[in-house]
Amino acid sequence: MSFPGSGLAKGLAVTLRTMTKRSVTAQYPDVQPDLPPRTRGVIGLFEENCTVCMLCARECPDWCIYIDSHKETVPPAAPGGRERSRNVLDRFAIDFALCMYCGICIEVCPFDALFWSPEFEYAETDIRELTHERDKLREWMWTVPEPPALDPKAEEPKEIAAARKAADKLAAQQAAEAEAEAPAQDAEAPVQDRDRARPETPGEGT
């Protein structure tokens with residue numbers, strides 16, 4: 001049985017309790033919030049791992065993932081082998097105006113090409129600008145926190161190993177191109193410069 005005015009009394013009691021407590025205001029954006037490690041901000045794309053299997057786009061309940069690709073012929077790895085065809089990624093975009101952050105695309109990706117990033121500052125004034133292409137998704141990949149090791153002697157996370165392998169491969173390719181350009185530049189030196197640098201033998205020029 002409730003008495004008349006009991007609801008008002010309970011409301012005033014809550015007001016009195018909160019009046020005695022100090023309020024805490026987060027000074028955002030001057031002070032960034034401390035986000036949990038598993039925060040679902042945006043989705044980062046690790047392009048080197050994507051095989052264009054289309055599994056993420058097919059399983060997305062909102063159909064907000066857009067993928068385009070083409071096929072290329074790969075020469076045989078050994079003499080006498082057969083040529084293979086592989087899918088090459090042309091476009092990978094996510095419409096965050098439709099995304100409901102369910103994480104299904106990340107869970108079903110069999111090659112660990114999609115990751116959650118805690119980045120959340122990507123508001124736009126135009127809803128059409130919320131469709132982010134693979135270049136932007138690639139930038140968000142570098143904000144993905146490293147997964148904690150299960151054991152001090154555990155193996156290196158495979159996404160970090162794959163990123164290091166891709167970086168080493170790119171560095172080796174650039175070094176090989178630089179070495180190939182150096183002899184070509186030496187061969188193009190003017191003949192007169194080489195003759196000028198050659199020492200004269202006795203009796204030459206008489």
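Keep in mind the model is a prediction, meaning the values are calculated, not measured. Positions are given from 1, in the same order as the sequence printed here.
In terms of hydrophobic clustering, with Ile, Leu, Val, Met, Phe, Trp and Tyr side chains grouped at heavy-atom distances under 4.5 Å, L89 and M141 are assigned to different clusters. Linking Ile, Leu, Val, Met, Phe, Trp and Tyr residues whenever their side-chain heavy atoms come within less than 4.5 Å leaves I94 and F46 in two separate clusters. One hydrophobic cluster holds both I67 and L130 under the rule that ILVMFWY side chains link at heavy-atom gaps under 4.5 Å. Taking hydrophobic clusters as Ile, Leu, Val, Met, Phe, Trp and Tyr residues chained together by side-chain heavy-atom distances below 4.5 Å, V144 does not share a cluster with V42. Follow the hydrophobic side-chain contacts under 4.5 Å out from V52 and you reach I106 in the same cluster.
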Show your working on side-chain contact (heavy atoms from CB on, under 4.5 Å) between F92 and I65 and close with a plain yes or no.
CA-CA 7 Å; F92 195 109; I65 300 178; 3.9 Å; yes
Step by step, would you call K169 with R164 a side-chain contact (heavy atoms from CB on, under 4.5 Å)?
CA-CA 9 Å; K169 182 178 179 181; R164 183 175 289 106; over 6 Å; no
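No more than 12 heavy atoms of other residues, nucleotides or ligands shown are found within 6.0 angstrom of CD1 on I127. More than 12 heavy-atom neighbours from other residues, nucleotides or ligands sit within 6.0 angstrom of CD on Q32. Atom CZ of R91 has more than 12 neighbouring heavy atoms from other residues, nucleotides or ligands inside a 6.0 Å radius.
Between W140 and Y122 there is a side-chain heavy-atom pair separated by less than 4.5 Å. The shortest side-chain heavy-atom distance between E59 and M54 does not fall under the 4.5 Å cut-off. Put simply, the side chain of P33 reaches to within 4.5 Å of the side chain of Y28, judged on heavy atoms. Looking only at side-chain heavy atoms (C-beta outward), L114 and C56 come within less than 4.5 Å of each other. Contact annotation: the side chain of R84 never approaches that of R82 to less than 4.5 Å [non-hydrogen atoms, C-beta and beyond]. A heavy-atom distance below 4.5 Å is not found between the side chains of L16 and T20. Under the 4.5 Å side-chain criterion, counting only non-hydrogen atoms from C-beta, K71 is not in contact with V88.
Nearest heavy-atom pair across P110 and L55 is CD-CD2, 4.0 Å. Of all heavy-atom pairs between G103 and R40, the closest is N-NH1, 4.0 Å. In terms of heavy-atom proximity, R58 sits nearest to C53 at NH1-O, 3.3 Å. Between C105 and I43, the closest heavy-atom pair is SG-CD1, 3.7 Å. Annotation for M100 and P61: closest pair CE-CG, 3.3 Å, computed over non-hydrogen atoms.
The existence of a salt bridge linking K136 and E133 is excluded, since no basic side-chain nitrogen approaches an acidic carboxylate oxygen closer than 4.0 Å. The residues E47 and R138 are annotated as not salt-bridged, no charged nitrogen and carboxylate oxygen being separated by less than 4.0 angstrom.
Here the CG atom belonging to L45 is positioned 13.5 Å from the NE2 atom belonging to H132, to the nearest 0.5 angstrom. Rounded to the nearest 0.5 angstrom, E83 CD and E72 CD are separated by 12.5 Å. The OG1 atom of T131 lies 3.5 Å from the CG atom of D95; values are rounded to the nearest 0.5 Å.
Below 30°, between 30° and 60°, or above 60°: for W116 and Y101 the angle between ring planes is below 30°, a parallel geometry.
T143 and S117 form a side-chain donor-acceptor contact under 3.5 Å, judged by distance and modelled atom types alone.
Using a distance-only test at 3.5 Å, with no hydrogens or angles considered, no donor-acceptor pair links the side chain of D68 to the main chain of D90. Looking at T39, its side chain never comes within 3.5 Å of a backbone N or O of L35 through a donor-acceptor pair.
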